[in-house]
Amino acid sequence: MTDHPYSSLPASAYWRSAVAETGSIPDMSWCTPKWPISRQDRIATAGSCFAQHIGRRLRDAGFGVINAEPAPPLLPLERHMDHGYGIYSGRYGNVYTALQMRQLVEEAFGLRPASQSVWEMRGRYVDALRPTIDPEGHATPSAVIAHRRFHLDRVRALLLEANVLVFTLGLTETWEDLETGQVLPVCPGTVAGEFDPERYRFRNLTFQEIWDDMVALRDILQTQRRGARTRMLLTVSPVPLTATASGKHVMQATTYSKAVLRAVAGQMTDSFDDVDYFPSYEIVSNPWADAPRYARNMRSVLDSSVEAVMSIFMDLHSGSGAKAVMAPAAAELVAGMPSENEADLAMAVKCDEELLDAFGPAKR
Amino acid sequence: MKVLVAGNSQAGALRLALKEGLLDGEDVIRPDFYVVPGGEGPPFIIRDGKLVVTDFIPNHPPYIDPPQAGNRQVDEYDAILVSALGYVDGGFLFKNTITHQGSVADFSPREDWPVRRLISRSCMADIMRPALMLQSGFVFLRMLRESYKGRILVQPFPYSSAYMAEREDWAVRREYEDYLGFNRFLFGLRDAALRDICTDLHVDLLGPPDPAWSTDAFTPRSLMRDSDGLHPLGPYGAMVLRQVTAFLNSQVTS
């Protein structure tokens, strides 16, 4: 037998030893970080729904997650999320696409005009770029604009202070306002505003477009921080699309979306020393796992899955985290399928996308 | 009917009404008083069935009238009036933690106001009740309800003096272009929270002595001290005592 490139590969390179024989937690030696995140780092979190879990767990574990827009001290803790506090490092809500993030960062640094986009909602007004952040909206459009101005000040301070940005890529699909050139977090008419087919167009962002946005985002941060690097830790949300406007089957659209996002994250990681990727997507969406990862709706990620992801994350980045254990989640098993269990509900993750369900067609 | 007024300095107006003879010849209650200063309400607890001041302020000993009221069991009273709860605006002299939670954008914070945090109306609404429940007067009210079986009445902290609106140093006016709108909003939230709390605790809430005042949430200047715009004068106290008397009489007859 001759030597060949495969003969000296580690166990992690082989499906059988790295996946098939490892049970619910694959061998994680392959996700050794490029650089550690320490408790001295100043971390900003942003992205789609799944990033909420990451930010919260990091904060709970004592990492320096910045809260640039803290809640009023007398607002009860259980009401924080309802008003957009403590979900991410700023009150920007879910940032589903790289383009949305780039847009926010450009706005915060004055590289594009501050948004004036205001939607009407039941006689009150909301920020079109974060329409669910204030649940009852404001009395006037000018109040919305004032809130946005304050918000952008805080986001600018956040981005100047953070030396690590944890960003979860969530979607490729988005809606663009042709009048302003802005992309929106939700389709107009779903939670607020009105849908005008002449004004809004659907976009399914390509690899090249997302790549360009991510590179631009990295460049802006470096420039604005006067050369000080903001390390970027990328993840891809394992949460499937609630609905697609692409005309494709939602499963096909989900696979396409995740594949493109994963490819961009991989390319960014391979191209830049200060960009790394954490494989929460792979850990959760691994179809060969012997424990359930998703709730009965096959979309919500179970608390136990988040625990597993973050346990691995802590092991990798602090060395002091709990051992990576995927609980069998017996309580979550109902007729062979996990339920949308109480633990999941208690996590109370806010997800604008879920609102699409409420405004979509009735179940047949 | 034996009534105790357990309160803060707002209760002083009730005592003044009696002292100034404003109720002479009228068939209104003559309550005992047990009061200690503090805008957030009396910091009392009940120990061995008696009122005790928890946060004794050296320069402001409790005012007890008649003196033997300090040794009476609360159960000796037919009713207790807690006076006054629901302090939400410090006016031009004092700071209040509730208005300092953030600026409400709907009321147009001024450009030169150092905004620390912009909040929505609904956020302020969510703050109001829990913030009030942290105040010493509400802590006492809850304890009183648990240990006292008689009727408890709550007098709301008076709306600020209408004079406030003329004062350029009124903090609310310095903060907002629409300071009158904010004042209505703030006291509207306060009144709603007071109603909810009192309902939940099974205590009776009095309205302002004249319901018409709730429209703009100010008390006529003639009934309040100009020195701070927050403390009522004797005539206001007389109105409250008449209110209390009418209320208690209605409960007896109904």
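Side-chain atoms are counted along with the backbone in the values below, which use heavy atoms only and exclude waters and symmetry mates.
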Trainee: For Ser120(B), is there any backbone N or O sitting under 3.5 Å from a side-chain donor or acceptor partner on Asp134(A)?
Mentor: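 Not a single qualifying donor-acceptor pair exists.
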Trainee: Nearest heavy-atom pair of Ala143(A) and Asp106(B): which atoms, and what distance?
Mentor: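 Heavy atoms only, the tightest pair is CB-OD1, 3.5 Å.
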Trainee: Contact part of Tyr85(A) toward chain B, heavy-atom cut-off under 4.5 Å: side chain, backbone, both or neither?
Mentor: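 When you check distances to chain B, only side chain atoms of Tyr85(A) fall under 4.5 Å.
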Trainee: Just wondering, more than 12 heavy atoms not from Glu194(A) lying within 6.0 Å of its CD?
Mentor: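 Open: at most 12 neighbouring heavy atoms sit under 6.0 Å from CD of Glu194(A).
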Trainee: Are Cys123(B) and Leu75(A) side-chain neighbours, meaning at least one heavy-atom pair lies under 4.5 Å?
Mentor: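 Yes, their side chains come closer than 4.5 Å.
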Trainee: What part of Ser103(B) lies closer than 4.5 angstrom to a heavy atom of chain A: side chain, backbone, both or neither?
Mentor: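 No part of it gets close to chain A.
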Trainee: Could you tell me whether the side chain of Met124(B) reaches within less than 4.5 Å of the side chain of Pro72(A), counting heavy atoms only?
Mentor: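 The answer is no, as the side chains (C-beta and beyond) never meet within the 4.5 Å cut-off.
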Trainee: For His83(A) and Asp126(B), which heavy atoms make the closest approach, and how far apart are they?
Mentor: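 His83(A) and Asp126(B) have their closest heavy atoms at NE2-OD2, 2.6 Å.
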Trainee: Count the heavy-atom pairs under 4.5 Å between each of Arg91(A), Arg124(A), Glu69(A) and chain B, then report the option with the highest count.
Mentor: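 Between Arg91(A), Arg124(A), Glu69(A), the count favours Arg124(A).
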Trainee: Other residues, nucleotides and ligands only: do more than 12 of their heavy atoms fall within 6.0 Å of CZ on Arg116(B)?
Mentor: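 Atom CZ in Arg116(B) is not packed in, count stays at 12 or less.
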Trainee: Using heavy-atom distances under 4.5 Å, tell me whether Arg129(B) contacts chain A through its side chain, its backbone, both, or neither.
Mentor: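 Neither part.
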Trainee: Check for a donor-acceptor pair, side chain of Arg121(B) on one end and backbone N or O of His138(A) on the other, with a separation under 3.5 Å.
Mentor: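 No, because the side chain of Arg121(B) does not come within donor-acceptor range (under 3.5 Å) of the backbone of His138(A).
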